[in-house]
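Only one structure is covered here, and it is reproduced in the block below.
All residue numbers in this chain count up from 1 along the given sequence. Side chains are part of it too, since the values below use all heavy atoms of this structure and drop only hydrogens, waters and symmetry mates.
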Amino acid sequence: MTSLKKTIEQKIVDSLDPIFLEIIDQSDLHKGHLENTGHTETHFKVTIVSKAFDGLTHLERHRLIHNLLKEEIPRIHALSLCLREAEK
């Protein structure tokens, strides 16, 4: 079975062709408060720099990512996003 982190990474790479991508699984910092869910990957910090964000507002960038990860979102308890345009 593919990890949730890998699935998120693959969807972002395939859809946004990022210049920079960092996905940090912070689930270990939150052990205990979600132990009854059965999910081990629950907290992520994601930084993306992509030309796909050029001209988009902050809210539009977040909507783009949430739509891209709509199948994964129900399994994620916390998703921190830093979404930046490519330098011109």
Rounded to the nearest 0.5 Å, what separates atom CG in L64 from atom CG in L59?
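Going from the CG atom of L64 to the CG atom of L59 covers 11.5 Å.
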CD/E71 to CD1/I73 distance, rounded to the nearest 0.5 angstrom?
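Reported to 0.5 Å precision, the distance equals 11.0 Å.
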Under 3.5 Å donor-acceptor, S27 side chain and H43 backbone
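Here the side-chain-to-backbone pair exists.
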Examine distances only and state if a side-chain atom of T42 and a backbone atom of H77 form a donor-acceptor pair shorter than 3.5 Å.
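Here the side-chain-to-backbone pair does not exist.
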Shortest non-hydrogen contact between S50 and P18, atoms and distance:
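Shortest heavy-atom contact: CB-CA, 4.1 Å.
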Might you point out which heavy atoms bring I19 and A86 nearest each other, and give the distance in Å?
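Looking at all heavy atoms of both residues, the closest pair is CD1-CB, 3.2 Å.
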Any side-chain heavy atom of [X] sitting closer than 4.5 Å to one from [Y]?
X: R63; Y: N67; result: no
X: D17; Y: K51; result: no
X: V49; Y: L83; result: no
X: K11; Y: E72; result: yes
X: T47; Y: I23; result: no
X: R84; Y: I48; result: no
X: E60; Y: T57; result: yes
X: L81; Y: L79; result: yes

For salt bridge (Lys or Arg N to Asp or Glu O under 4.0 Å), just list the numbers for E85 and R61, CA-CA rounded to whole Å, side-chain angles, deciding distance to a tenth of an Å, and then say yes or no.
CA-CA 9 Å; E85 291 182 354; R61 293 175 197 173; 3.2 Å; yes
Do the ring planes of H58 and H62 sit parallel (below 30°), tilted (30 to 60°) or perpendicular (above 60°)?
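Judged by the thresholds at 30° and 60°, the geometry between H58 and H62 is tilted.
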Criterion side-chain contact (heavy atoms from CB on, under 4.5 Å) on K5 and F44, from CA distance to verdict:
CA-CA 8 Å; K5 180 180 176 181; F44 294 95; 3.8 Å; yes
Common cluster, I76/V13, ILVMFWY with side-chain heavy-atom separation under 4.5 Å
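Linked, I76 and V13 end up in one cluster.
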Criterion side-chain contact (heavy atoms from CB on, under 4.5 Å) against E9, the qualifying member of L4, L21, D14, V46:
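Only one of L4, L21, D14, V46 forms a side-chain contact (heavy atoms from CB on, under 4.5 Å) with E9, namely L21.
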